[in-house]
A.B. asks: 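There's a structure below that I have some questions on.
Computation of the quantities below employed the complete heavy-atom set of this structure, encompassing side-chain atoms and omitting hydrogens, waters and symmetry-equivalent molecules.
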Amino acid sequence: MELILASASPRRKEMLKLMGYDFSVEVSRAEENIPVCAPDKYVCELARIKAEAVAAHHGEACVIGSDTIVYLDGSILGKPHDDEDAHRILSLLSGRTHTVYTGVAVLAGGRSDVFCDRAEVTFKKLDEDEIMGYIATGEPRDKAGAYGIQGPATVFVERIEGCYFTVIGLPNPKVYASLRRFGILPRWIQGEK
């Protein structure tokens, strides 16, 4: 069965490759404006919308949609609008614990598996030069919460409770278990290199 990742995220693409899957990428053009609700339901709904938009054009394929948000003080912190917004978000996260939610939707053959994973991330207290220097790298621009844990911001993290891969944007163990239920196995289980 063909496997399609409905995401433009290079990090999700890299993680599926690391797990050993053969897949193609088709970015979902679905409208992502949905009413704000509980964060776990919010990311699951966005993941489902993305997957369904791509699956509509690939009847027999298995499609993975995903969405990640950062949640703090009852608010969703998405991707920053500009450098000023990135500064605001990083200042909010400084010295505090926030929650990262990643929702995943796996659709194939009229069946679906939609789930969410969450992780608690604690940042050290950030100095102004750290915030400004990180913003200057350009990395915060396309990331929920204005940071990527797998890049230079790794030095901001004091502790993670939960799955590291959830923070990156794809909870690999849960995705693997879901794909296995659909009969989709990575190359290394099939004996391929």
A.B. asks: I would like to know whether D82 and R141 meet salt bridge (Lys or Arg N to Asp or Glu O under 4.0 Å); could you show each step before the answer?
C.D. replies: CA-CA 7 Å; D82 53 28; R141 291 187 189 117; over 6 Å; no
A.B. asks: Indicate every side-chain donor-acceptor pair of residues 104-115 with a distance under 3.5 Å to a residue at least two apart or in another chain.
C.D. replies:
from : atom 1 : to   : atom 2 : distance (Å)
D113 : OD2    : S178 : OG     : 2.7
D113 : OD2    : R181 : NH2    : 2.6

A.B. asks: At their closest point, which heavy atom of A53 faces which heavy atom of A30, and how far apart are they?
C.D. replies: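 Answer, listing the atom of A53 first, then A30: CB-CB, 3.7 Å.
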A.B. asks: Going through the distances and angles, do D40 and R118 end up as a salt bridge (Lys or Arg N to Asp or Glu O under 4.0 Å)?
C.D. replies: CA-CA 8 Å; D40 56 339; R118 61 181 266 180; over 6 Å; no
A.B. asks: Scan side-chain atoms only and decide if E120 and T99 contain a donor-acceptor pair under the 3.5 Å cut-off.
C.D. replies: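 Side-chain D/A pair, E120 to T99: present.
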A.B. asks: Please find the pair of heavy atoms, one from G103 and one from A47, that lie closest to each other, and give the distance.
C.D. replies: O-CB, 3.5 Å
A.B. asks: Which pair of non-hydrogen atoms, one from A119 and one from C163, has the smallest distance, and what is that distance?
C.D. replies: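 Taking A119 first and C163 second, the nearest heavy atoms are CB-O, 3.9 Å.
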A.B. asks: Evaluate the ring planes of W188 and Y176, with Trp represented by its six-membered ring, and classify them as parallel (under 30°), tilted (30 to 60°) or perpendicular (over 60°).
C.D. replies: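 W188 vs Y176 ring planes: parallel.
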A.B. asks: Does either side chain, that of E139 or that of Y147, offer a donor lying less than 3.5 Å from an acceptor on the other one?
C.D. replies: no
A.B. asks: Is the Y42 to Y101 ring centre distance short of 6.0 Å?
C.D. replies: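 Y42 vs Y101: aromatic centres not under 6.0 Å.
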A.B. asks: Is there a donor-acceptor pair under 3.5 Å between the side chain of E130 and the backbone N or O of D127?
C.D. replies: yes
A.B. asks: How about K41: does its NZ atom have over 12 heavy atoms from other parts shown lying under 6.0 Å from it?
C.D. replies: no
A.B. asks: Checking side-chain polar atoms at under 3.5 Å, does H57 have a donor or acceptor matched by the opposite partner on E26?
C.D. replies: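 The answer is no; no qualifying pair exists.
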A.B. asks: Restricting to salt bridge (charged side-chain N to carboxylate O under 4.0 Å, His left out), what partner residues turn up for D129, sequence neighbours left out?
C.D. replies: none
A.B. asks: For Y134, does its backbone N or O pair with a side-chain atom of T137 as donor and acceptor, under 3.5 Å?
C.D. replies: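 Present.
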A.B. asks: Please report the shortest heavy-atom distance between V100 and V167, naming the atom on each side.
C.D. replies: CG1-CA, 3.8 Å
A.B. asks: To which residues is I4 joined in a hydrophobic cluster, defined by side-chain heavy-atom contacts under 4.5 Å among Ile, Leu, Val, Met, Phe, Trp and Tyr, whether direct or through other members?
C.D. replies: V54, V63
A.B. asks: Are side-chain N/O atoms of R12 and T68 paired as donor and acceptor at under 3.5 Å?
C.D. replies: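 A pair is found: one side chain offers a donor N or O, the other an acceptor, under 3.5 Å apart.
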A.B. asks: Any salt bridge linking D142 with K79? Criterion: basic side-chain nitrogen under 4.0 Å from a carboxylate oxygen.
C.D. replies: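 K79 and D142: not salt-bridged.
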A.B. asks: What distance separates L77 CG from I69 CD1, expressed to the nearest 0.5 Å?
C.D. replies: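 Rounded to the nearest 0.5 Å, the CG-CD1 separation comes to 8.5 Å.
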A.B. asks: Does a sphere of radius 6.0 Å around CD in E128 hold more than 12 heavy atoms from other residues, nucleotides or ligands, not counting ones at 6.0 Å or beyond?
C.D. replies: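 Check passes, neighbour count above 12.
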A.B. asks: Can R88 and E84 be counted as an ion pair, charged N to O under 4.0 angstrom?
C.D. replies: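 Answer for the salt bridge query: no.
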